[in-house]
Amino acid sequence: MTALNDTLLVVDDNEANRDLLSRRLQRRGFDVVTAIDGSHALELLAARDFALVLLDIEMPRLSGLEVLRVIRQSRSASELPIIMVTARQESADVVEALNGGANDYVTKPVDLPVALARINAQLARRRAEAALRESEERYALALRGANDGLWDWNLRTDEIFFSDRWKQMLGLAHHVVAGIPDEWFQRVHSDDVDRLRTDVTAHLDGRTPHFESEHRVLHADGTYRWMLARGVAVRDVDGRAHRMAGSLTDITEGKVSDPLTGLPNRVLFLDRLGQSMERAKRHGCVSAVLFVDLDRFKLVNDSLGHEAGDRFLAAIASRLERSVRTVDTVARVNSEVTVARLGGDEFTILLENVRHASDAVRVAERVQECLKRPFELDGRHLFTSASIGIATSESGYSDPQDLLRDADTAMYRAKALGKARCEVFDVRMREAAITRLAVETDLRRAIEQNEFELHYQPIISLTTGRLAGFEALARWRHPQRGLVSPVDFIGIAEETGLIVPLGTWVLTRACTQMSEWCQAHPSAAGLTIHVNLSARQFVHPDLVTDIAGILQATGLPASALNLEITESAVIENPDSVIGVLDALKALGLRISIDDFGTGHSSLSYLHRFPIDGLKIDRSFVSAMTLEQSSIIRAIVALAQALRLEVIAEGIETVDQLSRLSELGSDGGQGYLFAAALTSLDAEEVLTHSQDTRIKSWIPASPEVA
Ligand code: C2E
Ligand code: CA
Ligand code: CA
C-alpha cells in the first residue's frame, strides 16, 4: 500500500494571503509548504512530492496558468490535484485553468469550509485512484499464479501485505500474521536467510532485473518448506525502489523428491542428515550413512536402454525401502531410516541412533542380501548387486556433506575390492581418494599426449612348443613415475570412461604392429595378437565399426586378432552380449574369455556364446593344489567338448608347465617363457621363433613394470 504524501503546497505571491491560508489549513491538520511565486513552486515540486497544490492565478512573471501548464506536462490531474485560487472577477481565467488541467478552483477571499471541502474531495479521489491502481496490480499478480502466495511490500513504511494464500501455504491463520517483513524473514531457515537478504538487496539496488530467491520457510507444522519467491520492484522517477511485490511458490515437491523413485533427493537427504547429526551430538548417539552404488549398472542402461533402466531403478528403489523397513528386527537397530536417491544408480540410507558402525554393517548386509533375488522386467530376469560404503558420525563431523563424501569414498573402496561388498570409512581411504583423483587428472593428460606404449607377452603352443602369438599389454611411460603398470591405471580408466579412447588406441597400435611384423617376417604368418577389451568398451555402440575400420586400415587379417574379454562382462547381460559377439565374429576375428574361473564360473553358459577360447586365470596355475588341478581338468574337458582353445596364464615354473601340458592345455603364457616385452624384444623373439623350443624360453629375469 503506497503511503500517500499528505502535504499541501500553497502558492501565492501575496505574503498576507499566503500566510493566512496556510495557517488556517495547518490548524485543520494539514502539513503545508508555501511558495512565494511560480518558479519557487516549480522548484519545490521538482524536489519532493505533494498531495495537492493551491495555486494563485494572478502572479507576476510566471502566472498561475503558466505554472499549471508546466506541471501538467509531467503530472496528470489524478497524480497531483491542483486547485486554482482566483479573484471572483476572473472567471475567464478559471475556465482556461479547468481546460488546462486544473482539478477545481476556490475564489478569494477564501471561504475556508468551501476550500476544505474541495481539498478533501480531491485528496479522497486521489487516494481511491491509487488504491484502485494498486489492487489492479495485485490482481494481475494473482492471475499469474492462483496457487501462489502474494506479497506486497511498502519499502517506505516497511509494511507488507501477505495474501491469504501466502499464509495458508505456511499453515498460518489469517489473523496471526502481522503486516511486517519479519513474519517472513524470521521463518526462513538460518542457512538461507542471508542469501534471501542478498537477493532482495541486489534487486533493490537495480543489479538484477527480477527478484528471485529459493529458500526454506518454517511451516506451522514444524517442517521447512522450499519456497521460490519472485518479485519486482516499483521505482520512482529517480529509479529508487519504493515498493516490491511478488509471489511465493511452494517448490518442496520438486526440491526434495526424486521424480523417478519418489524417494527423497540429495537436498532432503542432506537436510535430514544434518538434523540427525545434531541430535546425535546432543544425545551422544551415532548416525550412519550407507552409500549404496549399484555394480555395473551402466551396462544395464547401455544394453536395455534408458527407459528400461529407469524402471529397473524404480524397482530397486522400492526393494531397498522395503529391506530397510524390516531392518529393526534384522539388525536389532533402534533407528529412524531415510532412503534417498542421489541420482543415477546411487542411493543413500541414513540410520539414526545406531550404537556402532557394526550395526550399519549388518544393515548393509541385509540390503545386499535382498538385492540378490532376481528382478523381473518385461518378462526377463535381471540381477544386480551393490557396493556399499559406510561412514558414521563418530568421527565428529560438523558438515553433513563431509560425512556423505566419506561414505562415498568407502563405497569406492568396496568397488575396488571386488564389488558387491561393504566397507567402513577410515582416514587412509580419504588419502587414497585424493591420490585417485590425481591419477585421473594425470591420465587425461597422458591420453592427450600419448604417453602409452604396448608390451607384448609371448603365448606358446604347449603342443608344438613354438610361439603362437602375443598378448598386447598396455604400459604408461610416465614422465615422472617411469613405466606404470596397467594394474595402476586400467581400473581408473574404466571408471572414468577414459578406457574407451585408450582402448581404441591399444587396438590400433596392436593391429598396426602385428601387421608390420607379418610384412617383415614370414614367421609371423599364422601368429595371433591378443588384445584386452574392457567391459566398458564392449558395450560401446561403435565397437564393431571401430574394429572393422582398424582391421581395414592396418591390413591385418581378422583371423590374426584375438579379443580377450572377461567373464563378468559377458554374463552381465547374456542376451545383448550375444549380438555384439556375433557381429565381432562376423568380422572374422577370434574371442577369448579372460581370467576364466575367477568370476561367476559360468561353465554352464559357455555353450551359448560364440567364443573361441578360454584363458585360465593365473590364480589356478600358481596355486596348483589338488583341488585347483581338478578344476583345471574339468575346464579343459569342457573346453574340448565345446572345441574351445585353452591358454593357461602365469606359468612360472617347469613343474606348472608340465602339469598343464598333462591336463591338456593348448597354450601357455608366463614368466617361465617371457614377461611382456618391448616391441623390439618381441620382434627379436619373433625372428627366432622358427627354431625355438620351449626350454630356451626361460627368461633371464621377469620384467619389472
Ligand atoms: P591380464 O589380461 O590377465 O594380463 C596378464 C597379466 O599377467 C599381465 O600383467 C602380465 O604381465 C601378467 N603375467 C604374465 N605372466 C605372468 C607370470 O608368470 N606371473 C605373474 N605373476 N604375472 C604374469 P599386466 O601387464 O600388469 O596387466 C595387468 C592387467 O591389466 C591385465 O591382466 C589386463 O586385465 C589389464 N590390461 C593390460 N593391458 C590392457 C589393455 O590394453 N586394455 C585393457 N582393457 N586391459 C589391459
Ligand atoms: Ca588378458
Ligand atoms: Ca588374464
Side-chain angles (χ1 to χ4, degrees), residues 443 446-447 451-460 469-477 483-514 528-540 543 547 550 561-570 590-599 611 613-624 645-657 660 667-679 681-682 697-699 701-705:
L443 201 55
I447 287 175
E451 288 175 6
F452 296 92
E453 57 187 61
L454 290 185
H455 284 195
Y456 301 88
Q457 185 174 37
I459 297 172
I460 309 303
F470 293 97
E471 177 174 2
L473 293 159
R475 298 288 180 268
W476 179 1
R477 181 74 63 185
L483 204 59
V484 180
S485 154
V487 178
D488 295 329
F489 66 85
I490 293 290
I492 295 178
E494 280 173 342
E495 279 167 29
T496 52
L498 291 171
I499 193 69
V500 173
L502 181 59
T504 307
W505 178 85
V506 168
L507 270 164
T508 311
R509 183 74 214 112
C511 292
T512 307
Q513 181 65 82
M514 199 61 201
T528 313
I529 182 82
H530 286 241
V531 177
N532 293 287
L533 209 64
S534 90
R536 196 79 187 250
Q537 287 172 272
F538 193 65
V539 295
H540 198 278
L543 178 74
I547 292 181
I550 290 168
L561 179 61
N562 192 317
L563 296 179
E564 297 187 0
I565 52 179
T566 58
E567 210 179 346
S568 52
V570 174
R590 292 149 69 83
I591 293 162
S592 311
I593 303 293
D594 205 353
D595 305 342
F596 191 80
T598 53
I611 53 170
L614 303 177
K615 294 188 80 176
I616 298 178
D617 191 66
R618 187 161 75 234
S619 56
F620 288 95
V621 175
S622 59
M624 252 207 297
E645 181 194 37
V646 177
I647 298 175
E649 292 183 320
I651 301 177
E652 293 181 351
T653 66
V654 176
D655 184 44
Q656 287 167 351
L657 172 62
L660 284 160
Q669 190 182 344
Y671 293 164
L672 178 67
F673 309 117
L677 308 168
T678 63
S679 63
D681 289 347
W697 285 104
I698 297 174
S701 66
E703 176 202 47
V704 186

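Quick caveat, the model's predicted, so the values are computed rather than measured. Keep in mind that the numbers below use all heavy atoms, side chains included, and drop hydrogens, waters and symmetry copies. In each ligand, atom 1 is the first atom listed, and ligand 1 is the first ligand listed.
If you check each of Gln457, Arg475, His455 against atom 25 (O) of ligand 1, the one with the closest non-hydrogen atom is Arg475. The closest non-hydrogen atom to atom 33 (C) of ligand 1, taken over Ile651, Asn532, Thr653, comes from Asn532. For atom 17 (C) of ligand 1, the candidate residues are Glu652, Gln669, Glu649, Gln656; the nearest heavy-atom contact is made by Glu652.
Taking the side chain as every heavy atom from C-beta outward, Ile651 and Arg618 never approach each other to under 4.5 Å. For the pair Leu454/Leu473, no side-chain contact is recorded, criterion being any heavy-atom separation below 4.5 Å from C-beta on. By the 4.5 Å heavy-atom criterion applied to side chains, Ile647 and Leu614 are not counted as neighbours. Looking at heavy atoms from C-beta onward, Asp594 lies out of side-chain contact with Ile565 at the 4.5 angstrom threshold.
Side-chain atoms of Asp617 and Ser619 form a donor-acceptor pair, as typed in the model, at a separation below 3.5 Å. Side-chain contact of Glu471 with Asn562: a donor-acceptor pair under 3.5 Å is absent, judged by distance alone. In this model, a donor atom of one side chain and an acceptor atom of the other lie less than 3.5 Å apart for Gln457 and Gln669.
A salt bridge links Glu453 with Arg477: the closest approach of a Lys/Arg side-chain nitrogen to an acidic carboxylate oxygen falls below 4.0 angstrom. Using a cutoff of 4.0 Å between basic side-chain nitrogens and carboxylate oxygens, Arg536 and Glu495 are not scored as salt-bridged. Ion pair Glu645/Arg590 flagged as a salt bridge, since at least one NZ, NE, NH1 or NH2 atom sits closer than 4.0 Å to an Asp/Glu carboxylate oxygen.
Each of the following atoms of ligand 1 lies closer than 4.0 Å to a heavy atom of Glu471: 2 (O), 4 (O). Counting atoms of ligand 1 from 1 in the listed order, those under 4.0 Å from a heavy atom of Asp595 are 3 (O). When each atom of ligand 1 is checked for a heavy atom of Ser534 under 4.0 Å away, the hits are 44 (N). Close approach of ligand 1 to Gly650 (heavy-atom distance below 4.0 Å) involves ligand atoms 16 (C), 17 (C), 18 (O).
When only interatomic distances are considered, the shortest N/O to N/O separation between Ala474 and ligand 1 falls below 3.5 Å. Between Glu494 and ligand 1, no pair of N/O atoms sits closer than 3.5 Å.
In Asp594, the N, O or S atom that comes nearest to the Ca ion (ligand 2) is OD2. Note on Glu471: its N/O/S atom closest to the Ca ion (ligand 2) is OE2. If you look at Glu564 and ask which of its N, O or S atoms sits nearest the Ca ion (ligand 2), the answer is OE1.
Residue contacts to the Ca ion (ligand 2): Glu649 brings no N, O or S atom closer than 3.0 Å. Under 3.0 Å from the Ca ion (ligand 2) lies no N/O/S atom of Asp595, from backbone or side chain alike.
When heavy-atom distances to ligand 1 are checked against a 4.0 Å cut-off, Arg618 comes that close only through its side chain, counted from C-beta outward. Proximity of Ile490 to ligand 1, defined as any heavy-atom pair under 4.0 Å, is confined to the side chain (atoms from C-beta onward).
Ligand 1 is approached by Ser485 to a heavy-atom distance shorter than 4.0 Å.
The aromatic rings of Trp505 and Phe452 lie tilted to each other, with the angle between the two planes from 30° to 60°.
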